Amino acid sequence: MNVPTSYLIGLSGVLFGMGVLGVLVRRNAIVMFMSVELMLNAANLALITFARQWADVEGQIFVFFIIGVAAAEVAVGLALIVAIFKSKHSIDVDQVSGLRG
Amino acid sequence: MTIDQVIFFGLAAVAVWTAACMLLSGNSVYSALFLVLNFMTVAVFFLLLHAAFIALMQVTVYAGAIMVLFLFVIMLLGAERLETRPSLPWQAPVAVALTVLLLGLMALALLQAPQAASPPVVGPAFGSPTAVGDLLFSEYVLPFEVTSLLLLVAMVGAIVLTRRPKRPEAP
């Protein structure tokens, strides 16, 4: 695909911004978590784009590790959400205010 | 407009549309399915950027394993329609304003950056499983093994977190 690198970086930035918006606006913990995945994915797109720009495979290795760590993060995060749901019967993040001062 | 630009803008429109639907959908299952579509679109971008191995990993690990885990948890909790009431009325407008500010800053940085030279031509070997595997198992073998340890720790952690609390001892 022969488009300027800046187009792809722009798309990556837009996707990242939408992920930020999702984390800030939605109160449903699972949708917030999916927005975090969207942000990680936007960063992956930027890394792959720069790997192509510099014709260097190391950028792709980075994405490999990011996907591996994201898998671990999702496993622990969803386990936390399940644990919170068991005690609060809600996944509204505003309900988790037990430590509020 | 060249054919490449048509492909790029078509795929970019699909990616942004699915992300927007993911954010706006009231049903978590629809959100997860839109996110799968978004990951698939990004995987096509990876393919077009000569990252074949990473594209297939994106499809199998991200769109496959991770999103199935999300769907499983949504359905396990029966949380499809648990919509929440906004507790802070000013939160959404402030969040939108901050996001627009962030996007504006990123656009400014992008416009001020020097125009990059067009990327060099690469052969079909670039980004193939062979090339990625060669580098992964020579220079990056230690991080690779640490990742496997991290996945093991995450698995044990997930099991411990969702385990039933022990019943009190019978007298």
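Remember, predicted model here, so these are calculated numbers, not experimental data. Order of the sequence lines sets the chain letters (A, B, ...), proteins ahead of strands, with each chain counted from 1. Side chains are part of it too, since the values below use all heavy atoms of this structure and drop only hydrogens, waters and symmetry mates.
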From CA spacing to verdict: side-chain contact (heavy atoms from CB on, under 4.5 Å), B:Met57, B:Phe46: CA-CA 10 Å; B:Met57 225 182 107; B:Phe46 289 176; over 6 Å; no
Quick one: what part of [X] sits under 4.5 Å from any heavy atom of chain A, side chain, backbone, both or neither?
| X | result |
| --- | --- |
| B:Met67 | side chain |
| B:Ser31 | both |
| B:Leu69 | both |
| B:Ala32 | both |
| B:Val100 | neither |
| B:Val16 | both |
| B:Phe70 | both |
| B:Leu24 | backbone |
| B:Leu103 | side chain |
| B:Leu35 | side chain |
| B:Ala20 | both |
| B:Ala65 | neither |

Tell me, out of [options], who's got the most heavy-atom pairs with chain A below 4.5 Å.
| options | result |
| --- | --- |
| B:Leu152, B:Val121, B:Thr99 | B:Thr99 |
| B:Val61, B:Ile7, B:Val42 | B:Val42 |
| B:Ser148, B:Ala131, B:Pro143, B:Ala92 | B:Pro143 |
| B:Pro120, B:Ala12, B:Gly157 | B:Pro120 |
| B:Leu150, B:Ile54, B:Thr162, B:Leu48 | B:Ile54 |
| B:Tyr140, B:Phe72, B:Phe45 | B:Tyr140 |

Between [options], the one whose heavy-atom pairs under 4.5 Å with chain B are most numerous:
| options | result |
| --- | --- |
| A:Ala71, A:Gly77, A:Ala83 | A:Ala71 |
| A:Leu40, A:Val25, A:Asn41 | A:Asn41 |
| A:Val31, A:Leu38, A:Leu80 | A:Leu38 |
| A:Val20, A:Ile61, A:Thr5 | A:Ile61 |
| A:Asn2, A:Ile81, A:Asn44 | A:Asn2 |
| A:Val63, A:Thr49, A:Leu15 | A:Leu15 |

Nearest heavy-atom pair of [X] and [Y]: which atoms, and what distance?
| X | Y | answer |
| --- | --- | --- |
| B:Ile74 | A:Met34 | CD1-CE, 4.4 Å |
| B:Leu161 | A:Val76 | CD1-O, 4.1 Å |
| A:Ser35 | B:Leu23 | OG-CD2, 3.8 Å |
| A:Gln60 | B:Ala51 | NE2-CB, 3.4 Å |

Tell me, side chain or backbone of [X] under 4.5 Å from chain B's heavy atoms, or both, or neither?
| X | result |
| --- | --- |
| A:Ala42 | neither |
| A:Glu73 | neither |
| A:Leu21 | both |

Are [X] and [Y] close enough that some pair of their side-chain heavy atoms sits under 4.5 Å apart?
| X | Y | result |
| --- | --- | --- |
| A:Met18 | A:Met39 | no |
| B:Leu56 | B:Leu47 | no |
| B:Val141 | B:Leu136 | no |
| A:Arg52 | B:Val122 | yes |

Plane angle bin for A:Phe64 and B:Phe53 - parallel if under 30°, tilted between 30 and 60°, otherwise perpendicular: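 Because their plane-to-plane angle is under 30°, the rings of B:Phe53 and A:Phe64 count as parallel.
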Parallel, tilted or perpendicular: rings of A:Tyr7 and B:Phe8 (30°, 60°):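 Tilted: the ring planes of B:Phe8 and A:Tyr7 meet at 30° to 60°.
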Residues A:Asp92, A:Arg27; criterion salt bridge (charged side-chain N to carboxylate O under 4.0 Å, His left out); working and verdict: CA-CA 6 Å; A:Asp92 186 343; A:Arg27 298 288 84 194; 5.7 Å; no
Please check if the side chain of [X] supplies one atom and the backbone of [Y] the other of a donor-acceptor pair under 3.5 Å.
| X | Y | result |
| --- | --- | --- |
| B:Gln91 | A:Leu24 | yes |
| A:Ser12 | A:Leu8 | no |
| B:Asp4 | A:Val3 | no |
| B:Ser25 | B:Met22 | no |

